[in-house]
Amino acid sequence: MTDYLARLNAEQREAVETLDGPLLVLAGAGTGKTRVLTTRFAHILVTGRAWPGQVLAVTFTNKAAREMRERVSAIIGRPAEGLWLGTFHALCARMLRRHAEYVGLSPSFTILDADDQLRLLKQVMEAERIDAKRWAPPAMMGLIQRWKDRGLTPARITPAEDTDFANRRARHVYAAYQARLASLNVADFGDLLLHMTEIMRAQPDVLAQYHRAFRYILVDEYQDTNLVQYLWLRLLAQSHRNICCVGDDDQSIYSWRGAEVENILRFEKDFPGAKIVRLEANYRSTEPILAAASGLIAHNEGRLGKTLRPGRNDAANGEKVSVIALWDSDEEARMVGERIEALRRDGNSLAEMAVLVRAGFQTRAFEERLIVLGVPYRVIGGLRFYERQEIRDAIAYLRIVVQPADDLAFERIVNVPRRGVGEAALRTMHETARADGIPLLDAAAKLIADGALKGKLKSSVDELLRGFARWRQMLDRDGPVVTAATVLDESGYTDMWQKDKSPEAPGRLENLKELVRALADFETLAGFLDHVSLVMENEENAEGDRVSLMTLHGAKGLEFDTVFLPGWEEGLFPNQRALDESGLKALEEERRLAYVGLTRARRRAIVSHAANRRIYANWQTSIPSRFIDELPDAEIERTGSATLAREVRLTAPTVFTGQFPLVARRTRVVEAWEQPSRPARQEAIPVGSRVFHQKFGYGTVTAAEDDRLDVAFDRAGDKRVLDRFVEPA
DNA sequence: AAGGTTAATGTTTTT
DNA sequence: CATTAACCTT
């Protein structure tokens, strides 16, 4: 029964068998993190420490949750049921249904998606008379989300926090937004965590209930937790302290989403006596790949410090990491295509190859190339199932059936299909709703009863309202599947797409069918709606042998024999925008992203960069990413038609000495080597001098480092820009 | 209210 | 370039 322990190495075994007290597992890439987590879970059950329902296991993705559930089942030899195993959000939603009244919601609250969130916020900002031109709603949304990530309810926000948005009215807007959510009986994603944390803080009996319920807590991807998730965990763990967090600070790539690596450091502080186990034996990659990745990540400061060592017997026989220099992005796509074909000819499976890019738009060039070559591929990421227009529309209908007061859903579908409800009619409904303090749906009914609506508008809206009354009864009588099918049919929604002649229409109808089909697995419509917003993913086009194309973020947790890492150029990767916004912090995160990319590869990693890249309309010259220079020379092999660039760069005499050090030497050489479309800068730009930038206007240079300048722009504020984009003023 | 035009604007996005 | 939101015309 304990033969599962025999399959672990010493450090993994320690992580599994240390069951009492707080434990932090620092697990490097490919060191068997998931195995440790699932084995630990099973070990708790097998040793009789707890029943399955007494273990709380938290992941970030549904995929990870599913995987863990399957592997735990396999070890204990039966389907694992009644588990508290899921994503932070799914677990919180489940809890919040029990205690919704504490935060002014009813247990039937629905969960809002990003689109509805923004629409609602726009309305709130409009009502608060905030100029949307000057204060962009998406920026305000970001601010609110970051507050929520930090566990800050409007009441917890100090005036000092509310300084730089809409003349210190951000806190007020946030409060109004929250009030509006409550009045609609909806919660956004952030609220799930925020509300539960707030409830556990304020209601000792609720907290005590969960302390009794959970004896052990397991947390995956701990480096990606944000503050509110940390608080939530800490509250739940504070009585028994049997909490085990697994993470890797070197793979923290979501700080821009509110994740705080500092949580790892905080862990030791808040759980004194916490044991720390390091997993450093990598069973995934060959030695050159590990050494290259380690050499790269060593350039980051402030790491907890782990050294990956090869754990595979055959690790030493690996090929070096290829670094290929190419003339332009077309040649890069051609190179990747050719390599893929060659590998396939040698008997390699396409499913074992991946192209990992920094930004989503980069996949297109490779898609086009692979189509020409007739190589099957799949793009991972992009629109999720529930983000599709037709699914969101259908769900809006269903939400109103469950929740007649859901104004956002009503607003979304009242004129879909067209019922002649335009801006004017909607405004009238809003006014009536606000005046009488009733939901939009009731306001519409009232306007019809009062004879305020006329003609086609009146009859079509009336029919819709009668429909909702009917469908609501039907739900009790005939269940969700029949109701959903009827709603889509009788509302004219299916009809609308059947009449649509666009090429996407058939696919949309197919998705609607899939939605109804998926409903069969659920007892209640409310349960299904939760599933759709919290869990439902794309069917990943998994069938067949295909090359995977995805972003580096999307590749976390995956592995492939061969990994292509194109576009390693300054500006693109590391991404200039990230650098401009968050400086060194962003650079280190970009570097971690590069580390994640390299460590996805089992046997082969092919890094490439192009000297010229078409961005939007025109061609732009790029220089190789600094990350390439940071790869240890011994582990890489440089080839490619643009190898010359490097030779030139390395052998060119250092022209500029003394006075203005570190100025764009690399840029200049590469530009000299190709056509002089943009004249190379002849002189360094001294600190303190006045410059002009096409986009930001005039400013004063405050610092210079390599080819980038810190400039205090007169109007645009402090920015970091490439020196070739400014001119001496 | 609907359809067609122009102008603005381009990272990453587990839930 | 290519997508989308805001705008203007019928």
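Values in this document were obtained by computation on a predicted structure and should not be read as measured data. Letters A, B, ... mirror the listed sequences (proteins, then strands); counts begin at 1.
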Practice task
State, without any angle test, whether A/Asp393 and A/Tyr493 hold a side-chain donor-acceptor pair at a distance under 3.5 Å.
Solution key: yes
Practice task
Tell me whether the OP1 or OP2 atom of B/dT13 has a side-chain N or O from A/Thr551 closer than 4.0 Å.
Solution key: yes
Exercise for the section: Show your working on salt bridge (Lys or Arg N to Asp or Glu O under 4.0 Å) between A/Arg592 and A/Glu589 and close with a plain yes or no. Expected result: CA-CA 5 Å; A/Arg592 290 194 289 270; A/Glu589 182 147 321; 3.2 Å; yes
Fill in the blank from the handout: The residue, A/Thr87 or A/Leu426, whose nearest nucleotide of DNA chain B is more 5′ is A/Leu426
Practice task
For A/Ala64, report the nucleic acid contact type (base, sugar-phosphate, nothing); a contact means any heavy atom under 4.0 Å.
Solution key: nothing
Practice task
Flag yes if more than 12 heavy atoms outside A/Gln498 fall under 6.0 Å of its CD atom; otherwise flag no.
Solution key: yes
Practice task
Report which part of the nucleic acid A/Glu590 touches: base, sugar-phosphate, or nothing (heavy-atom distance under 4.0 Å, all strands).
Solution key: nothing
Practice task
Describe the nucleic acid contact of A/Phe88 in one word from base, sugar-phosphate, nothing, applying a heavy-atom distance below 4.0 Å.
Solution key: nothing
Practice task
Would you mind reading off the distance between A/Lys585 atom NZ and B/dT12 atom P, rounded to a whole angstrom?
Solution key: 19 Å
Handout entry: Whole-Å gap separating C1' (C/dC1) and CZ (A/Arg614)
Key = 8 Å
Handout entry: Rounded distance in Å - CG (A/Asp113) to P (B/dT13)
Key = 18 Å
Exercise for the section: Assign A/Asn415 to base, sugar-phosphate, or nothing according to its heavy-atom contacts below 4.0 angstrom with the strands shown. Expected result: sugar-phosphate
Practice task
Using a 4.0 Å heavy-atom cut-off across all strands, classify A/Glu423 as base, sugar-phosphate, or nothing.
Solution key: sugar-phosphate
Exercise for the section: Compare the ring of A/Tyr254 with the six-membered ring in the base of B/dT13 and state whether they stack (centres under 5.5 Å, planes under 30°). Expected result: no
Problem - Interatomic distance, A/Gln620 CD vs B/dG10 P [rounded to whole Å] - result: 15 Å
Exercise for the section: Tell me what A/Arg418 touches on the nucleic acid: a base, only sugar-phosphate, or nothing, going by heavy atoms under 4.0 Å. Expected result: sugar-phosphate
Practice task
Using the P atom as the reference point in each nucleotide, state the distance between C/dA5 and B/dT12 in Å, no decimals.
Solution key: 16 Å
Exercise for the section: Just call it for A/Gly360: base, sugar-phosphate, or nothing, with non-hydrogen atoms closer than 4.0 Å on any strand. Expected result: sugar-phosphate
Completion exercise
Closest to the side chain of A/Trp256, out of B/dT12, B/dT15, B/dA1, is B/dT12
Problem - Spacing between A/Met196 atom CE and B/dT15 atom C1', to the nearest angstrom - result: 17 Å
Practice task
Return the value, rounded to whole Å, for the distance between atom CG of A/Asp149 and atom P of B/dT13.
Solution key: 17 Å
Practice task
Could you list the residues that satisfy side-chain contact (heavy atoms from CB on, under 4.5 Å) with A/Arg614, not counting sequence neighbours?
Solution key: A/Trp619
Practice task
Using a heavy-atom cut-off of under 4.0 Å over every strand shown, decide if A/Arg419 touches base, sugar-phosphate, or nothing.
Solution key: nothing
Exercise for the section: Let me know the distance between CG of A/Leu356 and P of B/dT12, rounded to the nearest Å. Expected result: 15 Å
Problem - 5′-ward residue of the pair A/His553/A/Ala425 relative to DNA chain B - result: A/Ala425
Handout entry: Integer-rounded Å distance: C/dC1 P and A/Arg613 CZ
Key = 18 Å
Exercise for the section: Please evaluate the base of B/dT11 for a donor-acceptor partner in the side chain of A/Arg577 within a cut-off of under 3.5 Å? Expected result: no
Problem - Check: A/Asn300/A/Tyr595 side-chain N/O donor and acceptor closer than 3.5 Å - result: no
Practice task
Could you check whether A/Ala359 gets within reach of a base, just the sugar-phosphate, or nothing at all, counting any heavy atom under 4.0 Å?
Solution key: sugar-phosphate
Practice task
Would you kindly say whether A/Gln403 and A/Thr110 are connected by a side-chain donor-acceptor distance under 3.5 Å?
Solution key: no
